[in-house]
2 protein chains.
Amino acid sequence: MALKAKRNAAGRPSADELPVRRADALRFALEADIVTGVFSPGDRLDEQTLADRFGVSRTPLREALSQLAATGLVTLLPRRGAFVASLGFRDIIERFEAMAALEAMAGGLAARRIDGPGRRALQAALDDCRAEAADGDSDTYYLANERFHHVIYAEAHNDFLGDEARRLHMRLKPYRRLQLRAGARVATSLAEHERIVEAIFAGDTAGAERELRAHILVQGDRLSDFIATLDRSGLG
Amino acid sequence: MALKAKRNAAGRPSADELPVRRADALRFALEADIVTGVFSPGDRLDEQTLADRFGVSRTPLREALSQLAATGLVTLLPRRGAFVASLGFRDIIERFEAMAALEAMAGGLAARRIDGPGRRALQAALDDCRAEAADGDSDTYYLANERFHHVIYAEAHNDFLGDEARRLHMRLKPYRRLQLRAGARVATSLAEHERIVEAIFAGDTAGAERELRAHILVQGDRLSDFIATLDRSGLG
DNA sequence: ATTGCATTTCTTGTATACGAAAATGTTGAC
DNA sequence: GTCAACATTTTCGTATACAAGAAATGCAAT
């Protein structure tokens, strides 16, 4: 059966969207705007304004907001409107703890389930991290780090686990922007990656779990410390 | 049944009253109908039919379905409708693995963070499990088991972790109904609970994690075994 | 009888309209 | 000058209307 991408009669100048429903496209767009910092935590998301901006009615936009609220990226106050969800000090720590649990499990599973191609992929991801760390650009290192963790999710052979971890990661992304200049963190992060790969390659389940959990938790601690030094008025 | 419309941020389940938003009430009602088996995995959820049943228009009902889809309890096929999400063999295993990770983390945190009142609550929950197990009614034991785990979530002092675990639990509930007659499982489950409490009371973080992880994973294994013996046509 | 196609019908997705609640602004009293 | 009560306005929540896509049905042709 051929998949025909039929166009709508209304000649809309917008770029072709893969999602069939406008609500999906809106959800992705808003998600991106929140994660990339176009909207900051606490910002009010007016339905009509956004609907006008995207050239749609309020109906699909409300649906997108509703879905984002279910994801946790948006807070929906009854009869008061939608806001970019603000995580407090404690909320962030809690999420890092949960993420550490998921990542540790993924690492442990990967240590037991990784195969030949997976080994090569993980080694390549680690090499990338090394290269970016040597470059000293913490921005590109962050991307390499992301890919590294995605490889681990994949080698855990548990799609749900990976999806949840990615979801949490996205959820925390607006706050990571706060500590862009990682300083010495890049070096220690890379060292941790090395130990993680070592454990996974050795089939050391417990070791992979331990290393990954620490790797995530320390990020939460660092972010918390960083936030604690800021004016907390804007962070709920 | 009168329903207070005040301080209802989370919403309450009620089909015919208006808590804050109809969509919330509908979400809870549908959630309940799905986990209690009124609707089975794979069932089609017709918008107009449900709207008529609840005496509302399609708009809030669509919002409820959308939220349930974001939670994972409902699958939304574009232009084809909403269905009670069907989990395959592998999906279930994956979710139990993730749940094991979260529960293990919760147990470990509880072992370190539990306080006096928490100890009493956990002991009481364990006593309840003992009593229900002695009764031999696996239905009420299931409820006591649920309360037991909720106490652990609470004593982990990580609300997010608890929420996620509860969400997963609800997500898997439709499938647990398949193995109601637990047989000898109740006895072994209780024994596991005893060891879990022992570890938590002893402040044995690693032990609590280990016991809880095994406690959850074995449930996934058992459910998988059970499903494997059934006709898989209805289970996707 | 079966297959292919066209039409019809049903359902979803989006837009618009309307009522209600909350935020806001104004005015008056103290 | 401040506060409070009232009116206004904004915007949320729901209902209804309409458009578009997919499934179902019927008809025709082989």
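Lettering of chains follows the sequences in order, A, B, ..., and the numbering in each one begins at 1.
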Donor-acceptor contacts under 3.5 Å from residues 71-78 of chain B side chains, at least two apart:
unit_1  : atom_1 : unit_2  : atom_2 : d
B:Thr71 : OG1    : B:Gln67 : O      : 2.9

Open item on the list: Just by distance, no angles: are the side chains of A:Glu132 and A:Tyr142 close enough, under 3.5 Å, to form a donor-acceptor pair?
Closed with: no
Taken to the nearest whole Å, CG/A:Leu76 to P/D:dG13 is 6 Å
Should the pair B:His193 and B:His149 be assigned to parallel (<30°), tilted (30 to 60°) or perpendicular (>60°) ring geometry?
perpendicular
Main-chain N/O of B:Ala100 paired to B:Arg213 side chain as donor or acceptor, under 3.5 Å
no
| Electrostatic pair A:Lys173-A:Glu146, nearest N-O below 4.0 angstrom | yes
note: B:Asp46, atom CG; C:dG13, atom P; distance rounded to Å ~ 12 Å
A:Asp52 atom CG is separated from C:dT16 atom P, nearest whole Å, by 11 Å
Notebook entry, point to check: Charged N to carboxylate O under 4.0 angstrom, A:Arg113 versus A:Asp115?
Noted result: no
With a 4.0 Å cutoff (strictly under), does any side-chain N or O of B:Arg21 reach OP1 or OP2 of D:dG13?
yes
Rounded to whole Å, the CZ-C1' distance (A:Arg22 to C:dA15) equals 10 Å
What residues 57-69 of chain A contributes to the DNA chain C interface at heavy-atom separation below 4.0 Å is A:Ser57, A:Arg58, A:Thr59, A:Pro60
When rounded to whole Å, the CD to C1' distance for the pair B:Glu47 and D:dA17 reads 15 Å
A:Leu26 atom CG is separated from C:dA15 atom C1', nearest whole Å, by 14 Å
Presence of B:Arg80 side-chain N/O under 4.0 Å of C:dT12 phosphate oxygens OP1/OP2
no
- Check: A:Gly88 main-chain N/O paired with A:Asp91 side-chain donor or acceptor under 3.5 Å: yes
Nearest-nucleotide check on DNA chain C, B:Gly81 vs A:Arg79; residue mapping nearer the 5' end is B:Gly81
From CG of A:Leu77 across to C1' of D:dG13 the rounded distance in Å is 15 Å
Which of D:dT11, C:dA22, C:dT14 is nearest the side chain of A:Ala23? It is C:dT14
In whole angstroms, the gap separating C1' of D:dC12 from CG of A:Leu50 amounts to 14 Å
